[in-house]
Chemist: 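Input: one structure, supplied below.
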Amino acid sequence: MIDLKLLQKEFDHVSAQLQRKGVTAETMSVIKEKNEALKKAKASFEAAQADQNAMSKLFGVYKREGKDIAELKAKVDANKVIVSERQEAQRQAEEALTSLIMAVPNIPDANVPDGAGEEENVEIKKVLTPKTFSYTPKEHWELAETTGWIDFERGVKIAKSRFSVAFDMGARLERALINFMLDFNRERGFMEVSVPQLVNRKALEGTGQLPKFEEDLYVTTDGMYLIPTAEVPLTNLYQDEIIPEKELPIKMTGYTSCFRKEAGAAGRDTRGIIRQHQFHKVELVTISKPDESDAIFEEMVSCASDLLTALELPHRLVTLCTGDLGFSAAYTVDLEVWLPGQNTYREISSVSNTRDFQARRAKIRSKIEKKNTLLHTLNGSSLAVGRTIVAIMENNQNEDGTVNIPEVLKPYLGL
RNA sequence: GGACAGCUGGCCGAGUGGUCGAAGGCGCACGCCUGGAACGCGUGUGUGGGGCAACCCACCUAGGGUUCGAAUCCCUAGCUGUCCA
């Protein structure tokens, strides 16, 4: 959620920054209007209420002094009508504003490049050089068949499209990767946490998936939601808390399944396991003091990048432009892994600093220098498991359709 | 699934209709004491919003209700605990 006080104080600046993320000038001025209307409605309601409170207090005095309360009661009764009218006006004004601002994305950092979409993301650097093949490298779904690691048809049979089944070494590789990633992250100072994979609405509002992206979430019959990422439960662990300063930063890593309807992705990546309704991911989440978040962001990017390097996977780092930046992020670096079969780099991790955007929604604070201060929340994948398997398959493939296991994973596979 | 009990500030805990935003304690901050500390003593210390300020409003799990007035009474929901099935 954006800071309404900041908006009020520096409307032109905030408005301009948000317009970079596609919020219209019109929406901004409506928000400004609604905010002012709410303040007026609130002041008028509170004034009536102050009258009410003052008169109510007199009852105690009158009673003690044995005075007649009939006249006072008539006055209070008349005021009560005014109070309830103004209360309703305030409630409506509040609702109008809230529904607007909950759907406003975070303000992008000043150094985020402008751009319409992923084509305009800016490369930071490449890590490791892709190896050259003496033949045309196969795509992972072809290798899925020769290795027998992934079965797409049976996934569809028992669920529907965009579900798959991992068999034998495919399944073992998944488990090995999860353990390897968790251990790697833990050695970098991230505490391992195991969280629920169903959460309530409030949690999703806290991290920004709701109310705007309801159509991409699976919901259960009793109103719980399947998590689209471990970022949701991990970040919301500290919802509505005032965290002692000495406990900061809180650096966590967790493995969960993730569930996404992929509502807006019809026709994209329909083959293979790049875009599934259910996938495994190891996530990093940090809650930090505001002045530490930039340094921690770099740590998180390095963690994910070094993980890819340890797996011997060539990749590159890109800064997302305004058009590709997510709803809650102020700044995001994507890690894209080289897929020789597709002859391109594909996203395998996304590390974001949301600054105080989620903290404001979720009320995550700490008392810093005697003042309750909204903290910064950061999240990043380290890494998406399915896509890592894709990358391993395509980068480590042999001409006969077999795939070599990366050295670092062998201990995890008993090899 | 049924019965009962509870849910109060960073934490613990008192408070059963009228200066209660809430005693007391812990914790924390500052000061005194000390060579330095601990102990002890003193002072301060909830959150959010509005206002230049005085000050005002809201918040005792949440949402409703009764009342001039609710932490306190009533209803509903959630959660926690205990017992029963």
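To find a chain, count down the sequence lines: A is the first, B the second, and so on, and within it residues start at 1. In this text, all values refer to a predicted model and were calculated from it rather than measured experimentally.
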Chemist: Using both distances under 3.5 Å as the test, list the Watson-Crick or G-U wobble partner of B/C20, or none.
Modeler: none
Chemist: Output yes when at least one side-chain N/O atom of A/Lys42 is less than 4.0 Å from OP1 or OP2 of B/C56, else no.
Modeler: no
Chemist: Just the rounded figure in Å: distance from P of B/G51 to CZ of A/Phe45.
Modeler: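 Nearest whole value for this atom pair: 17 Å.
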Chemist: Taking CD in A/Glu26 as the centre, count heavy atoms belonging to other residues, nucleotides or ligands within less than 6.0 Å. Is the count above 12?
Modeler: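 Counting other residues, nucleotides and ligands, CD of A/Glu26 stays at 12 neighbours or fewer.
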Chemist: From the list B/G48, B/A58, B/G49, which nucleotide is the closest neighbour of the side chain of A/Asn53?
Modeler: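 Among the listed nucleotides, the one closest to the side chain of A/Asn53 is B/A58.
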Chemist: Could you measure between the two P atoms, the one in B/G15 and the one in B/C33, and give it in whole Å?
Modeler: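 To the nearest whole Å, 40 Å.
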Chemist: Tell me the interatomic distance from A/Lys40, atom NZ, to B/C57, atom C1', rounded to whole angstroms.
Modeler: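 About 19 Å, once rounded to whole Å.
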Chemist: Which nucleotide in the set B/G49, B/G51, B/C56 lies at the smallest distance from any side-chain heavy atom of A/Ala50?
Modeler: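 Output: B/C56.
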Chemist: Between atom CZ in A/Arg201 and atom P in B/G63, what is the gap in whole Å?
Modeler: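 Taking CZ of A/Arg201 and P of B/G63, I get 17 Å after rounding.
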Chemist: Determine whether more than 12 heavy atoms belonging to other residues, nucleotides or ligands lie under 6.0 Å from atom NZ of A/Lys34.
Modeler: no
Chemist: Quickly work out the A/Met55 CE to B/G18 P distance and round it to whole Å.
Modeler: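 Taking atom P of B/G18 as the reference, CE of A/Met55 is at 21 Å.
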Chemist: Hey, is A/Lys39 close enough to A/Glu36 for a salt bridge, meaning N to O under 4.0 Å?
Modeler: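 Salt bridge flag = no for A/Glu36 with A/Lys39.
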Chemist: Between B/G21 and B/U61, how far apart are the two P atoms, rounded to whole Å?
Modeler: 16 Å
Chemist: Salt bridge check: are A/Asp109 and A/Arg355 linked by an N-O gap of less than 4.0 Å?
Modeler: yes
Chemist: Please name the nucleotide paired to B/C30 by Watson-Crick or G-U wobble geometry with both distances under 3.5 Å, or report none.
Modeler: B/G42
Chemist: With rounding to whole Å, what would you report as the distance between B/G36 and B/G27 at their P atoms?
Modeler: 23 Å
Chemist: Let me spell it out: for each of A/Ala47 and A/Lys246, pick the nucleotide of RNA chain B with the closest heavy atom. Which residue's pick is nearer the 5' end?
Modeler: A/Lys246
Chemist: Could you give the distance separating B/A70 and B/G63 at their C1' atoms, to the nearest angstrom?
Modeler: 16 Å
Chemist: From CG of A/Leu38 over to C1' of B/G50, roughly how many Å is that when rounded to an integer?
Modeler: 11 Å
Chemist: Count the heavy atoms belonging to other residues, nucleotides or ligands that lie under 6.0 Å from CZ of A/Arg91, then report whether that count exceeds 12.
Modeler: yes
Chemist: Just say parallel, tilted or perpendicular for the rings of A/Tyr218 and A/His277, cut-offs at 30° and 60°.
Modeler: perpendicular
Chemist: So, A/Glu299 and A/Lys251, do they make that salt bridge, N to O below 4.0 Å?
Modeler: yes
Chemist: If the C1' atom of B/G17 is compared with that of B/A29, how far apart are they to the nearest Å?
Modeler: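 Pairwise C1' distance, B/G17 against B/A29, rounds to 37 Å.
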Chemist: Taking any heavy-atom pair under 4.0 Å as a contact, classify A/Lys367: base, sugar-phosphate, or nothing.
Modeler: sugar-phosphate
Chemist: Using Watson-Crick or G-U wobble geometry with both distances below 3.5 Å, tell me the partner of B/G81, or none.
Modeler: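 The answer is B/C4, by the H-bond criterion.
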Chemist: Paired with B/A14: which nucleotide, if any, by Watson-Crick or G-U wobble criteria at under 3.5 Å for both distances?
Modeler: none
Chemist: Take atom CD of A/Glu36 and atom P of B/G50, then tell me their distance rounded to the nearest Å.
Modeler: 12 Å
Chemist: Which nucleotide, in any strand shown, forms a Watson-Crick or G-U wobble pair with B/A53, with both distances under 3.5 Å?
Modeler: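 WC or wobble partner does not exist here.
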Chemist: For B/A62, take OP1 and OP2 only and decide whether either is under 4.0 Å from a side-chain N or O of A/Lys202.
Modeler: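 Indeed not, no polar side-chain atom of A/Lys202 lies that close.
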Chemist: If we call it a pair only when both distances are under 3.5 Å in a Watson-Crick or G-U wobble match, what pairs with B/G63?
Modeler: B/C75
Chemist: I'd like the P distance from B/U19 over to B/C57, given in whole Å.
Modeler: 14 Å
Chemist: Considering heavy-atom distances to RNA chain B, does A/Asp51 or A/Ala43 have its closest nucleotide positioned more toward the 5' end?
Modeler: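 Residue closer to the 5' terminus by nearest nucleotide: A/Ala43.
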Chemist: Taking atom P of B/G10 as reference, at what distance in whole Å does atom CD1 of A/Ile364 sit?
Modeler: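 These atoms are roughly 16 Å apart.
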Chemist: Should the side chain of A/Glu46 and the base of B/G49 be counted as holding a donor-acceptor pair, with the cut-off at 3.5 Å?
Modeler: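 Side chain to base: pair present.
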Chemist: Quote, to the nearest angstrom, the P distance that separates B/G35 from B/G46.
Modeler: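 Pairwise P distance, B/G35 against B/G46, rounds to 35 Å.
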Chemist: In whole angstrom, give me the gap between the P atoms of B/G9 and B/A14.
Modeler: 13 Å
Chemist: Parallel under 30°, tilted from 30 to 60°, perpendicular over 60°: which one fits the rings of A/Phe213 and A/Phe327?
Modeler: perpendicular
Chemist: Distance check needed: B/G48 C1' versus A/Lys363 NZ, whole Å only.
Modeler: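 About 9 Å, once rounded to whole Å.
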Chemist: Between protein and nucleic acid, restricted to nucleotides 69-73 of chain B and to nitrogen or oxygen atoms under 3.5 Å apart, what atom pairs and distances do you find?
Modeler:
from	atom 1	to	atom 2	distance (Å)
B/G69	O4'	A/Ser56	OG	3.4

Chemist: Check this for me: does any side-chain nitrogen of one of A/Arg346 and A/Glu336 sit under 4.0 Å from a carboxylate oxygen of the other?
Modeler: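 Looking at A/Glu336 together with A/Arg346, the answer is no, because their closest N to O distance does not fall below 4.0 Å.
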